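Bear in mind that the values here come from a model prediction, so they are computed numbers and not experimental data.
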Amino acid sequence: MQHKVPLGSLLVLGLLAASSLASCSNTPVLRARHVSRLTDSSYAEIAWAPDGAMILAVGIPGAPSTQSNLFGIDIPSGEVHRLTPAPGQFSNASWSPNGSQAVLTVDLNTVSLMDVPGGTLSYLSTGEASAWLPNGQEILIYSGDLSLRGTDHRELRVVDLEGNVTRVLPIGDRSTETADVEYVSALSLSQDATRLAFSIAVPQRGRNLRTSYIADLVSGSVVRFRPDERTGHLTWAPDRDVVAYIRYGVDDYVGRLVIADADGTCILRPQLPDEISNISWGPDGTKIALIYYGAVYLLDLESAMLDSPPGGGC
């Protein structure tokens, strides 16, 4: 019989693990070729703005709290400024195409709009994760009952900026085990907006089983990405048919950064430690921002590829 764990408890466990990792007495510094340190503050999630001038960052809360603030990290100076007037449970941020707003999850199941840089939040819809569509006037929302009712209630809704549902997209069968509890990480659209990448964490035997999927938004078919691996934070490159993801080993919260084709074929495995917790593509596709022990670093992909072993180190 499957044990039912409250979704909030799972988030707390993940945040506490991240907080512990980021606040170790001798926090490691990432010293690697092709990587530069942007800031040493402790962050849980990052999202790079479309103009390249800012990274939106979710701070790691101090245990036992699960609430933190949203920050803007200026590029390239690394200067940090707080965006939100009050703390909250923030996750899964996605920028509008023009960079004037972001949409994000608040308190686990509410999608809100945020004006940038003012930080004003306004309710948009219920949902667990969201992604801005290229037209700038609609937002894709992954929604479902992710607490105790199983996996039959998922849907992808498209809403306008007033929260009105304009259409519902098919999502099909993910071909995975039925789970009483799951949570989804940020949605990521392909360059032509016809495919959606997303990752799911499901509690199993005291751990979080992490898997990633690519959904065809036209047919509704869903394919598991790299079914032989535990993967998360599956994110499409902004300029080509390539994805970045984190491959997990013994740890459920940190892993190795991998760049791959959409079919999962490895292109580049940067020579970095297996302790990356979050990633975000730069808008021109040449850099990736990553979190290592809470600090934000920038990886130059072009030089990393040129300097990689044969086969991209895969």
Spatial distance of atom [atom1] ([X]) from atom [atom2] ([Y]) [nearest 0.5 Å]:
X	Y	atom1	atom2	result
Asn69	Thr84	CG	OG1	4.0 Å
Leu301	Ile267	CG	CD1	10.5 Å
Ile75	Lys287	CD1	NZ	10.0 Å
Tyr213	Ser199	OH	OG	9.0 Å
Glu162	Ser125	CD	OG	12.5 Å
Leu189	Thr235	CG	OG1	11.5 Å

What pairs of residues pass the salt bridge (charged side-chain N to carboxylate O under 4.0 Å, His left out) test when at least one of them lies in [range], not counting sequence neighbours?
range	value
residues 229-239	Arg226-Glu229, Arg230-Asp252
residues 34-53	none
residues 257-274	Arg256-Asp274

By side-chain hydrogen bond (donor to acceptor under 3.5 Å, both in side chains) - contacts of [X] (at least two apart):
X	value
Gln137	none
Thr126	none
Ser91	none

| Ring geometry between Tyr292 and Tyr297 (parallel below 30°, tilted from 30 to 60°, perpendicular above 60°) | perpendicular

| request: Among Ile, Leu, Val, Met, Phe, Trp and Tyr joined by side-chain contacts under 4.5 Å, find the other residues sharing a cluster with Val103 and list them by chain and number. | output: Val111, Leu113, Leu124, Trp132, Ile139, Ile141, Val159, Leu161, Val165, Val168

| field | Intermediate values then yes/no, side-chain contact (heavy atoms from CB on, under 4.5 Å), Leu196 and Leu169 | value | CA-CA 11 Å; Leu196 177 74; Leu169 302 179; over 6 Å; no

| said: Listing request: all side chain to side chain donor-acceptor pair (under 3.5 Å) pairs with a residue in residues 103-116, at least two apart in sequence or in separate chains. | reply: Gln101-Asp115

| In chain order, what residues pass the ring-ring contact (aromatic ring centres under 6.0 Å, His included) check against Phe225, with sequence neighbours excluded? | Tyr245

| task | Let me see the working for Thr66 and Gln89 under side chain to side chain donor-acceptor pair (under 3.5 Å), right down to the final yes or no. | result | CA-CA 6 Å; Thr66 60; Gln89 290 185 350; 2.3 Å; yes

| query | What residue pairs, at least two apart or across chains, pass ring pair (Phe, Tyr, Trp, His ring centres under 6.0 Å) with a residue in residues 47-88? | reply | Tyr43-Phe71

Scan the side chains in residues 53-64 for donor-acceptor partners under 3.5 Å anywhere in the protein, sequence neighbours excluded, and list what turns up.
none

| said: Enumerate the disulfide bond (SG atoms under 2.5 Å apart) contacts for residues 259-314, please, sequence neighbours excluded, ordered by first and then second residue. | reply: Cys266-Cys314

| message | Between Ser221 and Asp216, is there a side-chain donor-acceptor contact under 3.5 Å, judged purely by atom types and distance? | response | no

